[in-house]
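Everything on this sheet refers to the single structure shown next.
By convention here, the first residue in the shown sequence is residue 1.
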Amino acid sequence: MAKQQQEEDDCFYLDKPFGEAVLSTSTVGGLQKLMEGLAIAVEKKSKDISNILDSLVPQIQTSGGDFGNCSSFEKQLETLLQWESKEIIAKAAKVVAELAKSENGREEYGNTAILKTLVELLKTKEQDLDILTQICRALGNICYDNDKGRKFVLDANCLPVLLGILERSVSETGEEGRTLRNVAAGFLLNLLIGQEDVQQKAIELGVSRLLCSILELDGTVPEGEEASTHILLILGLLTDLVPPCDSLLDEKLCQVTVKVLGASSSPEVSEMSLELLHGQAENEKVKNHLAHAGLCELLVQLLEKHKPLVNDDETRNLMKMACDLIVLVLTGDVSMNTLYAEGKGKVFQQMMSWLGSGDEDLQITGVLAMGNFARTDKHCIQMVEAGVSKKLLALVEKNNTPSADIRLQHALLSALRNLVIPSQNKAIVLEDGLVDTIYPMLAIPTFPVVFKLLGTLRMVIDGQESGAVPYLVDMLTAEHAVMQNEALLALTLLASMRLADAEADLLQAKIGDKLAKLINDFGPSLACEMVQNILSLVNKLANAGKIFGFLYLLFIIVILKYTGLT
């Protein structure tokens with residue numbers, strides 16, 4: 001129901017809709033006199049018909065939708081739509097289009113007789129360009145928020161006809177061609193609203209190719225803004241029908257949409273372009289198309305240009321969408337490699353600079369981008385050599401307390417974890433102070449950060465037991481049970497495989513005291529699995545002569561504690 005309402009809200013009148021005009025007696029009277037005069041002129045086939053039709057348009061526009069008693073006027077319009085003169089037919093259709101911009105007008109003049117005549121005119125081959133334009137306006141306005149009108153047009157099989165008109169409009173040059181493209185696209189939008197089966201048929205008939213062509217012609221010029229709006233709204237409707245694995249946006253359409261985004265001075269067109277691309281960028285092919293089309297470079301340029309103007313929620317949300325889109329494109333393997341460009345890519349360089357940005361959203365985007373770039377050993381090694389890990393650690397040091405931004409903390413830990421996957425990076429980043437820097441984050445109560453912290457620690461200490469042991473022992477008394485258990489498992493594994501090498505470090509870290517504190521402070525709340533893990537660790541440590549006696553005693557204490565728990 002929400003989607004249907006949104007679609008109805010996206011309907012367009014094919015001209016500016018009525019404003020808040022105040023109805024005056026003179027307006028109604030003038031409109032009635034013109035209608036009466038038109039009836040006489042039609043009867044006499046007078047030359048005044050053209051002038052009267054011209055005069056009717058502004059009167060209708062200022063009437064506020066109240067046309068008075070004009071039932072006989074319908075017959076006059078029906079007759080004029082079949083007139084011998086093409087000029088009169090076009091002007092009569094324009095009057096219908098104006099009338100149909102109000103709810104009253106759609107009810108009065110969206111009747112079967114007028115609809116039938118309009119549809120017949122629409123289907124006439126090699127129709128005059130002005131007539132086609134006005135017929136599309138009239139039918140498009142009648143179909144606005146009007147299921148009855150839509151049904152009539154669709155039952156008359158007008159969809160393929162309309163697509164044919166759009167095809168013709170693409171080949172037409174000049175202002176007349178652009179006007180036809182605009183109103184025909186608006187007609188199509190109003191026809192497709194809330195009609196999923198018709199939308200699917202339009203896709204099957206190749207509408208996306210036509211939409212791409214119109215967007216390419218009109219999307220980069222100011223006078224094509226309204227047509228671009230119609231096209232982007234239609235694409236928004238159609239892409240909802242296509243599964244993520246088979247996006248409607250091919251390479252050409254991606255390129256054109258990026259060009260529209262770059263050329264547009266309209267906030268509405270920019271936002272719709274972003275929403276369209278963002279909604280389709282989960283598709284791997286689309287990510288690649290957008291990377292090659294220069295989307296991320298464009299977004300970086302726009303964000304840098306407009307960030308001083310971001311001073312309200314609306315523009316901030318638009319900025320966040322652009323940032324999210326950059327990160328989304330970087331989640332693709334091929335697109336990420338394209339933008340990394342051996343560490344020389346403009347996007348990679350800009351993302352590095354954003355690590356020091358004063359804008360929080362840009363900074364988080366930079367960190368997330370680093371995490372995405374660090375998805376191959378080669379990249380990770382190059383990035384550590386370029387000082388990326390030091391920049392990230394400097395950020396962690398400023399944001400390693402519970403009061404810092406959770407999004408930034410999570411992104412930093414993710415990026416650092418990826419960077420220390422290559423074995424040669426572990427020692428470098430440890431020496432740069434990774435463990436000391438992230439250790440205060442053990443006090444953060446947020447589980448997503450805690451789990452990411454554990455993953456980062458687990459990755460960096462793999463094979464580096466001498467940076468690892470004191471911190472693992474300290475983790476035994478952390479506030480989070482998941483951290484305690486992680487430390488128990490890691491120390492048990494270490495004792496099983498490298499006890500002789502780690503014995504001195506374990507003694508220096510006072511593992512016995514920490515285990516005793518763990519049992520004394522948390523004993524009543526320890527889960528059975530935790531107690532079992534404590535027993536396993538003590539059993540492994542008991543094999544070391546220097547600490548055997550103490551741990552044997554501790555082993556007995558643990559059994560007693562465990563018995564008390566059960």
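- In this structure, CG on L191 lies 5.0 Å from SG on C143, to the nearest 0.5 angstrom.
- Side-chain contact annotation: T117 with E78, donor-acceptor N/O pair under 3.5 Å absent.
- Side-chain contact between F348 and E342 is absent, with no heavy atoms from C-beta onward closer than 4.5 Å.
- In this structure the side chain of E282 reaches within 4.5 angstrom of the side chain of L328, judged on heavy atoms.
- T446 contributes no side-chain N or O that, together with a main-chain N or O of V449, makes up a donor-acceptor pair within less than 3.5 Å.
- The heavy-atom pair separating L248 from Q280 by the smallest distance is N-OE1, 3.9 Å.
- Salt-bridge annotation for R209 and E167: present, with a side-chain N of the basic residue lying under 4.0 Å from a carboxylate O of the acidic one.
- Under a cut-off of 6.0 angstrom, the local environment of CD in E43 is sparse, with at most 12 non-hydrogen atoms contributed by other residues, nucleotides or ligands.
- Environment of CD in E314: sparse, with no more than 12 heavy atoms of neighbouring residues, nucleotides or ligands closer than 6.0 Å.
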- Message: Quick one, H379 with N418, criterion side-chain contact (heavy atoms from CB on, under 4.5 Å). Give me CA distance, side-chain angles, the key distance, then yes/no.
- Response: CA-CA 10 Å; H379 288 184; N418 286 0; over 6 Å; no
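- Taking the charged nitrogens against the carboxylate oxygens, E98 and R137 do have a contact shorter than 4.0 Å, which makes a salt bridge.
- When all heavy atoms of I142 and G149 are compared, the closest pair comes out as CG2-CA, 4.3 Å.
- Annotation: side chain of N182 is not in contact with side chain of D218 (no heavy-atom distance under 4.5 Å).
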- Please report the C-alpha distance between K151 and K148 in whole Å, then the side-chain angles of each, then the deciding distance to 0.1 Å, and finally whether the side-chain contact (heavy atoms from CB on, under 4.5 Å) criterion is met. CA-CA 5 Å; K151 186 176 187 308; K148 181 181 176 182; 5.9 Å; no
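- Judged by distance alone, the side chains of S85 and E87 never bring a donor and an acceptor atom under 3.5 Å apart.
- Between L205 atom CG and Q200 atom CD the span is 10.5 Å, to the nearest 0.5 Å.
- The backbone N or O of L154 lies less than 3.5 Å from no partner atom in the side chain of N157, so there is not a single donor-acceptor pair.
- Residues Q255 and E251 meet the side-chain proximity criterion, which asks for heavy atoms closer than 4.5 Å.
- To the nearest 0.5 Å, atom CZ of residue R181 and atom CG of residue L211 are 13.0 Å apart.
- Side-chain contact annotation: K287 with T331, donor-acceptor N/O pair under 3.5 Å present.
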- Trace of the side-chain contact (heavy atoms from CB on, under 4.5 Å) decision for V329 with L277: CA-CA 10 Å; V329 172; L277 296 177; over 6 Å; no
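- Using a 4.5 Å heavy-atom cutoff, the side chains of I203 and L241 are in contact.
- Residues H410 and P448 come closest through the heavy atom pair CD2-O, 3.4 Å.
- A donor atom on one side chain and an acceptor atom on the other are found under 3.5 Å apart for Q350 and S353.
- The two residues C323 and L362 have their closest heavy-atom pair at SG-CD2, 3.8 Å.
- Within the 4.5 Å cutoff, the side chain of R150 has no heavy atoms near those of the V153 side chain.
- Listed here is the closest heavy atom pair of A411 and L368: CB-CD2, 3.6 Å.
- Summarising the geometry, atom CD1 belonging to I88 is positioned 4.5 Å from atom OG belonging to S50; distances are rounded to the nearest 0.5 Å.
- Scanning all heavy atoms of the two residues, the minimum distance from A202 to L192 falls at CB-CD2, 4.4 Å.
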- Task: Using the salt bridge (Lys or Arg N to Asp or Glu O under 4.0 Å) rule, take D361 and K307 through it: C-alpha gap first, then chi angles, then the decisive distance, then the call.
- Result: CA-CA 10 Å; D361 287 312; K307 66 181 179 182; over 6 Å; no
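- No donor-acceptor pair under 3.5 Å is formed between the side chain of N399 and the backbone N or O of Q409.
- A salt bridge is defined here as a Lys NZ or Arg NE, NH1 or NH2 lying under 4.0 Å from an Asp or Glu carboxylate O, and R316 with D313 fails to meet this definition.
- With T79 contributing its side chain and K75 its backbone, the two residues share a donor-acceptor pair below 3.5 Å.
- No side-chain heavy atom of N190 sits less than 4.5 Å from a side-chain heavy atom of D145.
- Between the side chains of T315 and D312, at least one donor N or O lies within less than 3.5 Å of an accepting N or O.
- By the 4.5 Å heavy-atom criterion applied to side chains, M35 and L56 are counted as neighbours.
- We find the CD1-CD1 distance between I364 and I406 to be 11.0 Å, quoted to the nearest 0.5 Å.
- Enclosure of atom NZ in K259 is not indicated, since only 12 or fewer non-hydrogen atoms of other residues, nucleotides or ligands lie within 6.0 angstrom.
- No side-chain donor from either of Q349 and W354 sits under 3.5 Å from a side-chain acceptor of the other.
- The existence of a salt bridge linking D246 and K285 is excluded, since no basic side-chain nitrogen approaches an acidic carboxylate oxygen closer than 4.0 Å.
- Salt-bridge formation is not detected for the pair E172/R178: no Lys NZ or Arg NE/NH1/NH2 atom is positioned less than 4.0 Å from an Asp or Glu carboxylate oxygen.
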- Task: List the steps and the verdict of side-chain contact (heavy atoms from CB on, under 4.5 Å) for L34 and Q59.
- Result: CA-CA 9 Å; L34 285 172; Q59 289 286 332; 3.5 Å; yes
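- Between D333 and R375 there is a salt bridge, since a side-chain N of the basic residue sits under 4.0 Å from a carboxylate O of the acidic one.
- Atoms CG and CG, on L166 and L162 in that order, are 5.0 Å from each other to the nearest 0.5 Å.
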- Item | Trace of the side chain to side chain donor-acceptor pair (under 3.5 Å) decision for S357 with Q363 | CA-CA 5 Å; S357 173; Q363 191 173 67; over 6 Å; no
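- For the pair D250 and K252, the salt-bridge criterion is not met [side-chain N within less than 4.0 Å of a carboxylate O].
- A donor-acceptor contact shorter than 3.5 Å links the side chain of S102 to the backbone of G105.
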